[in-house]
Amino acid sequence: MSQHRKHRGYATQRIVAEYLASHGFPYAMSAGAGREGSDITGTPGIDWEIKARAKFDPAGTMKQLMARGSSTLPIAVFRLNGQGEQSVGAFCAVMRLDELVLLLRKAGYGE
């Protein structure tokens with residue numbers, strides 16, 4: 001991986017953490033480089049995997065999250081090519097359908 005890609009990855013973790021902190025998760029912080037586990041800390045119950053890659057591989061990323069064996073909610077965030085820091089709210093988020101349905105039901109959607 002080139003140095004540019006590494007720095008883009010670290011920057012993406014930081015801007016996602018800052019976005020979360022300003023949208024209801026005030027203790028969200030980037031875990032930084034080289035740490036195992038969630039890429040964002042300070043959000044109890046959520047395991048974040050942040051990706052800033054040209055290759056969109058949701059299946060591989062979800063396998064990576066599930067291999068951690070965590071009992072927390074696994075969510076992957078993808079910064080796609082062409083998405084700058086200003087478009088953080090438009091980054092893609094991926095999670096398992098069964099967990100999404102459970103969240104939607106708890107939020108009052110469905111019957």
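Since the structure is predicted, the reported quantities are computational estimates derived from the model, not experimental observations.
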Student: So which heavy atom on Pro74 is nearest to which on Met95, and how close?
Tutor: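 Closest approach of Pro74 to Met95: O-CB, 3.8 Å.
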Student: Membership question, hydrophobic clusters at under 4.5 Å side-chain separation (ILVMFWY): are Ile46 and Leu103 in the same one?
Tutor: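 Yes; tracing contacts between hydrophobic side chains, which count when under 4.5 Å, links both residues.
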Student: Assess whether ring-ring contact (aromatic ring centres under 6.0 Å, His included) is satisfied between Phe56 and Phe78, documenting all intermediate values.
Tutor: CA-CA 8 Å; Phe56 183 66; Phe78 293 90; 4.9 Å; yes
Student: Heavy-atom distance under 4.5 Å between the side chains of Val16 and Val77, does that happen here?
Tutor: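 Answer yes - side chains close enough.
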Student: For residues Ala17 and Ala28, report the shortest heavy-atom separation together with the two atoms involved.
Tutor: O-CB, 3.6 Å
Student: Could you grab the distance from atom CG of Leu97 to atom CG of Leu102, nearest 0.5 Å is fine?
Tutor: 11.0 Å
Student: With side chain to side chain contact (heavy atoms under 4.5 Å, CB included) as the criterion, how do Tyr109 and Val101 come out once you've worked through the C-alpha distance, each side chain's angles and the decisive distance to 0.1 Å?
Tutor: CA-CA 9 Å; Tyr109 293 91; Val101 169; over 6 Å; no
Student: Measuring from atom OH of Tyr10 to atom CG of Asp39, what distance do you get when rounded to the nearest 0.5 angstrom?
Tutor: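 Reported to 0.5 Å precision, the distance equals 10.5 Å.
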Student: I'd like to know if the side chain of Arg79 reaches the main chain of Gln83, judged simply by a donor and an acceptor atom lying under 3.5 Å from each other, with no hydrogens or angles considered.
Tutor: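 It does hold such a pair.
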Student: Is a side-chain N or O of Ser30 found less than 3.5 angstrom from the main chain of Ile40, in a donor-acceptor match?
Tutor: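 No; zero donor-acceptor contacts below 3.5 Å.
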Student: Is Val94 reachable from Tyr19 through a run of I, L, V, M, F, W or Y residues, each pair having side-chain heavy atoms under 4.5 Å apart?
Tutor: no
Student: Any idea which heavy atoms bring Arg105 and Gly110 closest together, and the distance?
Tutor: NH1-C, 3.0 Å
Student: Nearest 0.5 Å please: distance from the CD atom of Glu18 over to the CG atom of Leu20.
Tutor: 10.5 Å
Student: Heavy atoms only: give me the nearest Ser38-Trp48 pair and the separation to one decimal.
Tutor: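 Nearest heavy atoms, Ser38 then Trp48: OG-N, 2.9 Å.
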Student: Under 4.5 Å between side-chain heavy atoms, hopping through other hydrophobics if needed: is there a path connecting Met29 to Ile15?
Tutor: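 No; Ile15 is not reachable from Met29 via cluster members.
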Student: Do Ile75 and Glu49 come close enough that some side-chain heavy atom pair is under 4.5 Å?
Tutor: no
Student: Restricting to non-hydrogen atoms, name the atom on Thr61 and the atom on Ala76 that form the minimum distance, rounded to 0.1 Å.
Tutor: CG2-CB, 3.5 Å
Student: Indicate, with yes or no, if Leu80 and Met62 share a hydrophobic cluster defined by side-chain heavy-atom contacts under 4.5 Å among Ile, Leu, Val, Met, Phe, Trp and Tyr.
Tutor: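 Yes; tracing contacts between hydrophobic side chains, which count when under 4.5 Å, links both residues.
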Student: Which heavy atom of Thr12 sits nearest a heavy atom of Ala52, and at what distance?
Tutor: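 Here Thr12 and Ala52 meet closest at OG1-CB, 3.3 Å.
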Student: Check this for me: does any side-chain nitrogen of one of Glu85 and Arg8 sit under 4.0 Å from a carboxylate oxygen of the other?
Tutor: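 No.
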Student: Check whether the side chains of Gln13 and Lys51 place a donor and an acceptor atom closer than 3.5 Å, and report yes or no.
Tutor: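 No, Lys51 and Gln13 have no side-chain donor paired with an acceptor closer than 3.5 Å.
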Student: Considering only heavy atoms from C-beta outward, does the side chain of Leu73 approach that of Arg96 to under 4.5 Å?
Tutor: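 No, side chains not in contact.
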Student: Can you tell me how far the CG atom of Asp47 sits from the OG1 atom of Thr72, to the nearest 0.5 Å?
Tutor: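 Here the rounded value is 4.0 Å.
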